[in-house]
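So that the names make sense, note that chain A is the first sequence line, chain B the second, and so on, each numbered from 1. Quick note: numbers below take in every heavy atom, side chains included, and nothing from hydrogens, waters or symmetry partners.
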Amino acid sequence: MEAGKGRRRMFGKKRDGRRRKTRTGPCGLVGRPQCASSTPRPQVCFPSSPCARPEQRKPGASPRGRRRPQSRLFFKPLLFRPRASLAIIMRGSSIVIPAGVSNALNALLFPFHRTRMTASGDPADAPGAERVRFAPSPTGMLHIGGLRTALYNYLVARKAGGAFLLRIEDTDRARFVEDAEEDILSALDWCGLDYDEGPGAGGDFGPYRQSERSDRYRPVAERLVEEGRAYYAFDTPEEIEAMRDENRSDANPQPKYGPRTRRKMNNSLTLPEEETQRLLDEGTDHVIRLKVPKDTGVKFTDEVRGSVSFSTNDLDDQVLLKSDGLPTYHLANVVDDHQMKITCVIRGEEWLSSTPKHKLMYDALGWTMPRVAHLPLIMSPHGGKLSKRDAQEGGIPVSLRDYRQQGYEPEAVLNFIALLGWNPGHEQEVFSLDELVEAFSLGRVAQSSAQFDLDKLKWFNEQHLHRLPPEEVAARSREAVQAEGFTPSEDYLTDVAALMQERITFADDLATDGAFFFEAPEEYEEAGVEKRWKDHSAALLRAFADRLEAADAFDAETVENHLRALADEKDVGAGALIHPARLAVSGRSYGPGVFSMMAVLGQERCLRRLRRAAEVLGEGES
RNA sequence: GCGGCCUUCGUCUAGUCUGGUCUAGGACGCCAGCUUUUCAUGCUGGUAACACGGGUUCGAAUCCCGUAGGCCGUGCCA
């Protein structure tokens with residue numbers, strides 16, 4: 001039941017509180033009010049609408065917290081909405097309409113609306129079978145924006161109990177980058193975004209690399225040619241450039257290969273049939289272009305933006321099949337999404353203007369376009385796209401590889417990007433991946449682009465680090481600790497992590513901020529010495545060391561008791577001992593509590609450090 | 001140029017559909033205080049925004065029109 005595909009849209013427009021510029025569209029008005037309320041209502045609606053099958057409503061489309069009061073306008077749309085009347089006629093009947101017929105019917109009745117009413121008995125379209133995909137192109141290292149797209153797809157799939165697919169869009173041989181695919185795979189793996197179908201994961205709709213399904217595209221393009229919806233074009237790049245040069249003007253700096261110019265070009269529309277055939281037979285380089293209709297509106301509903309419309313006059317005759325025989329993104333994307341039974345396309349906003357082309361193709365092919373959701377872009381803190389320069393000059397991680405290298409935790413990265421363009425509608429900010437799945441809905445995705453905020457990312461990293469069990473923090477810091485030349489035991493490193501984790505930003509900081517746990521300080525922080533080291537400090541520390549040497553236990557409490565007892569004995573404040581002891585033991589004037597720090601360090605190390613400090617710092621520098 | 005999308009504290013955002021409860025809420029950052037042997041955490045408080053101009057209305061962040069700005073697209077790239 002492809003019918004489900006139109007459903008979310010009906011909600012999309014009104015279901016939440018977002019501003020939607022245009023809110024026309026008959027179905028939304030028909031289906032919505034009932035669905036927003038649990039009150040039983042008369043069954044007057046489109047057979048495929050949500051009210052007919054409430055259990056099928058996708059969780060991703062869940063409305064905002066606020067319940068919509070039952071509208072007094074409920075029956076009004078029925079009076080003048082053509083689709084609604086159709087619904088009434090069909091209500092209760094169980095006729096199954098073949099997709100092609102229903103598409104044609106819809107196209108006839110509602111030329112500018114996407115098809116909503118299709119019916120088929122395909123089990124892959126079972127209720128709740130949401131199928132979404134992340135379709136990166138292996139042209140470089142995975143970008144943070146790409147990861148966010150993957151995340152949102154993942155969230156939608158998991159929440160709906162559907163499938164998350166990974167498809168590699170490698171149709172551009174010129175921009176292909178050798179290790180890009182591997183980088184994508186390892187990035188997803190690092191984040192824990194597992195996919196159900198894709199390279200290496202199998203699936204019933206493979207292969208999942210477009211280069212491996214290249215024989216599937218030409219027949220589709222040729223079918224469009226046969227049906228008069230596309231045509232062969234033999235123009236060389238130079239000829240096209242010449243046409244553009246000729247037509248270029250201030251008013252039209254980028255002339256199109258379209259309805260107005262295609263008549264003058266070298267293609268199967270202008271050439272005699274035999275000539276076209278001859279060129280084809282001779283294997284002349286050619287492309288297949290979509291024949292974009294003139295003066296036609298193309299309208300669709302975007303899950304995050306509501307209704308969006310374009311005029312075909314702003315589109316050019318999109319190349320579908322390139323002269324190397326490979327499909328362009330547009331063709332491959334449409335064919336694959338259809339063949340893989342994708343129910344919702346979630347991608348970056350840069351694709352919004354391509355969507356009308358896709359819509360035209362779906363319509364020409366008699367296929368139902370999946371729902372679409374265009375995500376707002378992630379911008380650099382300086383405005384504009386997040387670029388390599390931001391990474392190099394601003395220290396801003398851009399590719400996932402940067403995040404890893406800079407020591408960010410995957411949980412934090414996911415949490416941060418999830419909230420860059422989406423919010424749960426309540427005040428929770430720190431989320432685990434599972435919690436994100438639970439809370440996510442496409443309807444709460446923002447429409448405006450978001451600037452990257454490094455401080456906030458760091459804050460998220462701290463938050464997640466604080467919540468991790470010490471053993472885990474220890475494990476994650478291991479590599480960095482070892483890189484510094486330290487090889488602490490697992491237990492010891494865990495104890496250190498427990499003390500340090502709430503005062504570091506990255507797990508790796510354990511190796512630097514906690515270095516004194518692994519090697520004795522050589523020098524003592526100057527400002528600290530100046531402030532805390534007094535004339536009597538050396539003597540006090542020696543006495544403290546002696547006392548500790550005789551202690552039979554060395555836990556934090558024991559150390560503290562001894563220190564306080566000694567302070568009493570010597571008639572000084574505890575601070576007179578505490579601060580110099582910290583300096584002695586860590587070389588610093590700040591850090592974890594001295595007692596627990598000393599307990600972790602152990603008796604032997606502490607005695608040595610206490611005495612050495614007394615030696616080196618002597619009778620006071622101040 | 002044209003087309004589309006977007007516009008609430010410095011930043012991420014709630015609120016906009018269904019106008020009053022918004023003297024606009026939360027978070028990051030920053031500042032101050034509390035807790036504390038230090039630092040940090042934690043907690044409390046403070047700082048700071050409805051792009052602009054018209055209109056509709058008793059009432060507009062919210063609806064309408066316009067303007068400005070930003071972004072994306074405008075390829076045999078994806």
Report yes if a side-chain nitrogen or oxygen of [X] is closer than 4.0 Å to either non-bridging phosphate oxygen (OP1 or OP2) of [N]; otherwise report no.
| X | N | value |
| --- | --- | --- |
| A:Arg148 | B:C12 | no |
| A:Gln447 | B:C6 | yes |
| A:Asn252 | B:G1 | no |

Please encode protein proximity along nucleotides 72-78 of chain B as a string of B, S and -, counting only heavy-atom distances under 4.0 Å.
SSSSBBB
I'd like to know if A:Glu411 and A:Arg467 make a salt bridge, using a cut-off of under 4.0 Å between side-chain N and carboxylate O.
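Between A:Arg467 and A:Glu411 there is no salt bridge, as every charged N stays at least 4.0 Å from the carboxylate O atoms.
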Charged N-O contact under 4.0 Å between A:Glu169 and A:Arg133:
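Looking at A:Arg133 together with A:Glu169, the answer is no, because their closest N to O distance does not fall below 4.0 Å.
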Can you tell me, in whole Å, how much space there is between the [atom1] of [N] and that of [M]?
| N | M | atom1 | value |
| --- | --- | --- | --- |
| B:G20 | B:G59 | C1' | 7 Å |
| B:U21 | B:C64 | C1' | 25 Å |
| B:C50 | B:U8 | C1' | 4 Å |
| B:A40 | B:C77 | C1' | 49 Å |
| B:U67 | B:C9 | P | 23 Å |
| B:A24 | B:A48 | C1' | 12 Å |
| B:A68 | B:G53 | P | 15 Å |
| B:U36 | B:C17 | P | 49 Å |

Distance under 6.0 Å and angle within 45° of ring axis: A:Arg289 vs A:Tyr257:
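Relative to the ring axis of A:Tyr257, which defines the angle, A:Arg289 lies inside both limits.
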Cation-pi check, A:Arg444 to A:Phe440: give yes when NZ or CZ is under 6.0 Å from the six-membered ring centre and within 45° of the ring axis, no otherwise.
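No, A:Arg444 does not lie over the aromatic ring of A:Phe440.
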Quick check: on RNA chain B, is the nucleotide nearest A:Phe595 upstream (toward 5') of the one nearest A:Asp455, or the reverse? Name the residue that is more 5'.
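First, find each residue's nearest nucleotide; the 5'-ward one identifies A:Asp455.
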Base partner of [N], which must satisfy Watson-Crick or wobble distances under 3.5 Å:
| N | value |
| --- | --- |
| B:G66 | B:C52 |
| B:C39 | none |
| B:C76 | none |
| B:G4 | B:C71 |
| B:U23 | none |
| B:C9 | none |
| B:A32 | B:U44 |

Write down the distance between [atom1] ([X]) and [atom2] ([N]), rounded to a whole number of angstrom.
| X | N | atom1 | atom2 | result |
| --- | --- | --- | --- | --- |
| A:Phe452 | B:G29 | CZ | P | 14 Å |
| A:Arg347 | B:C5 | CZ | C1' | 15 Å |
| A:Gln428 | B:C12 | CD | C1' | 16 Å |
| A:His464 | B:U41 | NE2 | P | 17 Å |
| A:Leu499 | B:U41 | CG | P | 16 Å |
| A:Leu375 | B:C6 | CG | C1' | 14 Å |
| A:Trp459 | B:C12 | CH2 | P | 16 Å |
| A:Arg305 | B:C71 | CZ | C1' | 10 Å |

May I ask you to say what A:Ala574 touches in the nucleic acid, namely base, sugar-phosphate or nothing, with a heavy-atom cut-off under 4.0 Å?
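Nothing, no heavy atom under 4.0 Å.
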Counting the atoms with a prime plus P, OP1 and OP2 as sugar-phosphate, which does A:Gln463 contact under 4.0 Å by heavy atoms, base, sugar-phosphate, or nothing?
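Sugar-phosphate contact only - A:Gln463 comes under 4.0 Å of backbone atoms but never of a base.
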Main-chain N/O of A:Glu429 paired to A:Asn415 side chain as donor or acceptor, under 3.5 Å
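Indeed, once roles are kept as given, a pair shorter than 3.5 Å links the two residues.
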Are A:Thr505 and A:Asn461 linked by a side-chain donor-acceptor pair shorter than 3.5 Å?
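Side-chain D/A pair, A:Thr505 to A:Asn461: absent.
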If only side-chain N and O atoms count, and only distance matters, is there a donor-acceptor pair under 3.5 Å linking A:Asp295 with A:Asn313?
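Short answer, yes.
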Which of the following nucleotides, B:U11, B:G3, B:G26, is nearest to the side chain of A:Asp453?
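Of the options given, the side chain of A:Asp453 lies nearest B:U11.
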Could you work out which one of B:G25, B:C28, B:A14 sits closest to the side chain of A:Lys456?
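Looking only at side-chain atoms, A:Lys456 lies closest to B:C28.
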Distance in Å, A:Tyr208 OH paired with A:Ile168 CD1, rounded so as to fall on 0.5 Å steps
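Spacing of OH (A:Tyr208) from CD1 (A:Ile168) equals 12.5 Å.
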Atom pairs, N/O to N/O, protein against nucleotides 38-40 of chain B, distance under 3.5 Å?
from, atom 1, to, atom 2, distance (Å)
B:U38, O2', A:Ser589, O, 2.9
B:U38, N1, A:Arg582, NH2, 3.4
B:U38, O2, A:Arg582, NH1, 3.4
B:U38, O2, A:Gly591, N, 2.8
B:U38, O2, A:Gly591, O, 3.2
B:U38, N3, A:Arg582, NH2, 3.0
B:U38, N3, A:Gly591, O, 2.5
B:U38, O4, A:Gly591, O, 3.4
B:U38, O4, A:Gly593, N, 3.1
B:C39, O2, A:Arg503, NH1, 2.4
B:C39, O2, A:Gly591, O, 3.3
B:C39, N3, A:Arg503, NH1, 2.3
B:C39, N3, A:Gly591, O, 3.4
B:A40, O2', A:Glu502, O, 2.8
B:A40, N1, A:Glu502, OE2, 3.4
B:A40, N3, A:Glu502, OE2, 3.2

Sole candidate of A:Arg262, A:Lys357, A:Lys256 that passes salt bridge (Lys or Arg N to Asp or Glu O under 4.0 Å) when paired with A:Asp317
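Single salt bridge (Lys or Arg N to Asp or Glu O under 4.0 Å) partner of A:Asp317 among A:Arg262, A:Lys357, A:Lys256: A:Arg262.
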A:Leu577 to A:Leu563 - nearest heavy-atom pair and separation
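The pair with the smallest heavy-atom distance is CD2-O, 3.6 Å.
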Step by step, would you call A:Leu601 with A:Arg609 a side-chain contact (heavy atoms from CB on, under 4.5 Å)?
CA-CA 10 Å; A:Leu601 245 13; A:Arg609 292 184 190 189; 3.9 Å; yes
Between A:Phe460 and A:Phe431, does the ring centroid distance fall short of 6.0 Å?
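Distance test on ring centres: not under 6.0 Å, no.
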